[in-house]
Structure formats: C-alpha cells, structure tokens
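Notes for the one structure printed next.
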Amino acid sequence: MSAAVPPAAPEVAPEMAPEGRYGALARRVDAAGRDGLLRRLRLVEPTGGTEARVDGRVVTLFCSNDYLGLADHPEILAAYTGGGAGASRLISGNRPAHVALEEALGELYGRPATLFGSGFTANLALLTTLLTPADTVASDALNHASIIDGVRLSGAKKVILPHGQPAIPAGARMAVVEGLYSMDGDVLDLPRYFGPDHWLAVDESHSFGCLGPGGRGAALAKGVVPDFLMGTLGKALGVLGAFVIGPPELRELLVSFGRTFVYTTGLPEPIARAALVALRLADAERRERLAHNARRLRIGLWQIGASALGDAHVAPVVTGERTMAITQGLLDKGYYVAGIRWPTVPRGQERVRITVSAAHTDAQIDGLLDALDGALR
Ligand SMILES: Cc1ncc(COP(=O)(O)O)c(C=O)c1O
C-alpha cells in the first residue's frame with residue numbers, strides 16, 4: 001500500500017503577491033519584536049507542591065497565584081470527574097455541580113452568586129450589564145485589562161482615578177476598583193470609595209480566599225460591603241472560573257443579558273466539582289499560613305534592602321532595567337519569579353514580582369531571599 005500523499009498546498013493567489021497572504025501580520029510581528037513586545041510561553045511542568053520543572057530543571061515557583069497551595073490537593077484532584085456541559089447553561093448545560101457551587105458561594109456572602117468561565121468574562125458581563133452609554137464610571141488607573149475592556153464595551157463614560165485616590169465625580173453611576181492590586185500588592189482605602197450615590201464594584205481576584213473574614217476579600221476586611229463583587233476560582237482556589245456576587249436583581253440581569261453568561265458553554269462539571277471542594281478546603285489555617293509567609297518574605301526583603309510595594313502576599317520590588325537580568329539570575333539559582341515589564345507597568349517601574357503561597361516553607365522563602373540578595377548586589 002502506498003503512503004498517503006498530502007494534498008498540495010494551494011498556490012498563493014497572484015493578487016496576494018508579492019507580500020503574501022499574511023504579509024501584514026508578519027510586519028506587525030517584526031515591529032513588535034523590534035520593540036521588545038513579543039512574549040514567549042515557558043513550559044512549566046508541576047513536580048509537586050510549589051515546585052515545577054522549568055527549562056529542564058526543578059525550581060521553586062514564586063510567581064503562581066495558587067495562593068493557598070490548593071491546585072494539586074489530592075481531594076481536589078479526585079473531584080475532577082464528570083463531563084463537559086455541552087451547551088450554555090440556558091440551553092441544556094445547567095448542571096447540579098453549577099447549582100451547588102453557586103449555592104455555596106451565595107451562602108458565603110449571603111447574596112446570590114453567578115458563575116462564569118473566567119474572571120475576565122465575569123468582569124465583561126458585570127460591567128456591560130450594569131452600565132449604559134448614559135452612565136459615568138470612575139475606574140482606578142491600575143485596574144485590570146478585563147475591567148478596562150468591560151467599561152469600554154459598556155460604552156459608559158470613563159473617569160480614570162489616579163491610583164488610590166477616590167475622587168469620584170458627582171453623578172457617577174459606579175466606582176470600580178480591585179481588592180488587592182496584583183502588580184502593586186496594595187489594598188486601597190476601600191471605605192473611601194463607598195458612597196450613597198454610586199455603586200461600588202470590587203474585583204477580588206487576588207484577595208478572595210486570602211483576605212477578610214472567611215476569605216471573602218479585601219473589601220470586607222476593610223469593613224465595606226461592595227454592591228457588586230467579583231471573585232476568581234482560578235487563583236486562591238487553584239481551579240478555574242469566577243463568580244459575581246450582588247443583589248438578586250443582578251443575578252436576574254446577568255442570567256438574561258450577561259453576554260458572556262448567555263452565549264457561552266457552561267463550565268465543565270469537573271471544574272465546578274473541584275471548585276466546590278476547594279472552597280471547603282480554603283480555611284482559616286491556610287490563610288494564617290499565607291499571612292505568616294507574606295510577613296516573613298516582606299521582613300526579609302526589608303532586611304536585604306529591597307523593600308516591597310504594598311502589604312500582602314503579592315510583593316513587587318521595583319528593579320527597573322535590571323529586572324529581567326535579576327529574574328534570570330534567580331531562575332539560575334532555582335527560583336522562578338515573574339519579571340514585570342512595560343507596557344504592564346510604566347517604563348522605569350519594571351519590577352520583580354514575588355507571590356507567596358501558604359504552601360511555601362520558611363526554608364524556601366529564606367532561600368529565595370538569599371538568592372535575591374546576591375542577584376541585587
Ligand atoms: C484583577 C484581575 N481581574 C480579573 C482577572 C481575570 O481572572 P481570570 O484569570 O479568572 O480570567 C485577573 C487575572 O489575571 C486579575 O488579576
């Protein structure tokens with residue numbers, strides 16, 4: 001039997017020549033490469049706990065958002081059973097696991113929860129459902145891309161608040177901020193963003209599970225109940241997906257009009273089951289260990305003269321132009337830490353961003369501090 005002959009590649013249509021069908025894309029790739037904007041994916045193979053094989057060697061991760069060390073918990077891994085939803089939840093994809101998870105989250109906050117496939121799509125639905133082009137929204141200057149895009153898609157007029165300054169204009173419909181800023185590691189003075197005449201929406205992506213009573217986030221830690229809250233299931237809970245909390249009216253509107261709820265497949269059952277188990281495992285003991293590790297890291301950074309921004313489990317150290325050389329030096333010594341560059345942060349503000357987890361040991365943190373001390377000298 002002769003080997004199958006692959007079909008001949010179609011000839012490029014003459015009108016596409018001489019640049020070719022994808023020539024315009026190639027020019028953009030070249031330009032981005034010249035500007036140093038092309039990003040590369042690094043293969044990270046978990047080997048257990050906070051360690052993974054990166055570039056062929058086992059290193060300790062200090063850049064994961066798995067803040068409670070739950071991602072590979074045996075009870076969570078065992079919960080990944082069941083199938084894909086096969087349709088949007090409004091058609092035939094609404095599964096018992098979705099309902100159980102929404103009930104558990106609703107009980108935690110005392111208000112209805114609505115699930116989404118990711119924090120990004122949760123923010124898009126929340127902002128586009130609540131805001132109209134007739135509204136004004138006050139948005140902190142360091143808000144995440146998903147908030148920026150949600151506001152853009154809503155058509156609302158945006159007033160950008162300098163980071164941490166709650167100068168919310170009169171007549172604004174909403175102020176939107178994050179609970180814990182993941183590039184600066186800080187929690188804003190959230191009570192000052194609350195007001196009788198506008199809604200407050202808080203994205204608790206990096207604080208849900210970690211901060212506040214019962215891990216309910218930074219806003220509650222500061223004594224504020226936001227009108228609307230978004231939390232992710234992919235960071236502290238170590239799974240995937242997200243949820244939005246708000247009054248019953250919000251739930252009604254999201255289920256009927258939230259485009260990233262209505263026009264997308266429901267979460268696979270294994271994800272919802274795993275998240276439900278993770279929610280139970282995200283307990284006070286893990287939060288205390290996370291707080292202990294954050295303190296140990298921050299005190300250690302101060303002792304080596306590299307004090308970090310902010311005050312929680314995300315510890316960014318501004319290192320400017322040396323950032324990528326420092327992160328490579330740390331990787332060579334067995335510590336994988338993220339280097340954050342422009343355009344994610346302003347030029348000159350490039351930073352080594354260290355995230356700790358409840359699963360790190362004191363020895364791992366001390367080892368990182370030793371390596372960083374050497375790399376900074
Ligand atoms: C503040 C903030 N909001 C939303 C998201 C998106 O969350 P998810 O990863 O669940 O899509 C992120 C994740 O990077 C984030 O940092």
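Throughout, numbering of the chain's residues begins at 1 and tracks the sequence. Every number for a ligand or one of its atoms is a count from 1 in the order of the listing.
Heavy atoms from both the backbone and the side chain of S118 come within less than 4.0 Å of ligand 1.
Any N or O atom pair closer than 3.5 Å counts here, and A242 shares no such pair with ligand 1. Inclusion of H206 in the set of residues having an N or O under 3.5 Å from an N or O of ligand 1 is warranted. Below 3.5 Å of separation, one finds an N or O of D203 facing an N or O of ligand 1. At a 3.5 angstrom cut-off on N or O pairs, F120 counts as close to ligand 1.
Salt-bridge annotation for R34 and D30: absent, with no side-chain N of the basic residue lying under 4.0 Å from a carboxylate O of the acidic one.
Contact annotation: S146 has at least one heavy atom less than 4.0 Å from an atom of ligand 1.
For the atom pair CD1 of I354 and OH of Y336, the computed distance is 14.0 Å after rounding to the nearest 0.5 Å. Here the straight-line distance linking atom CG of N123 with atom CG of L153 works out to 11.5 Å at 0.5 Å rounding. Between the CD1 atom in I326 and the CD atom in E321 there is a gap of 11.0 Å [rounded to 0.5 Å].
Only one option out of L124, L126, L254 pairs with F116 in a side chain to side chain contact (heavy atoms under 4.5 Å, CB included); it is L254.
Atom 5 (C) of ligand 1 has as its closest protein heavy atom H144 CE1, 3.4 Å.
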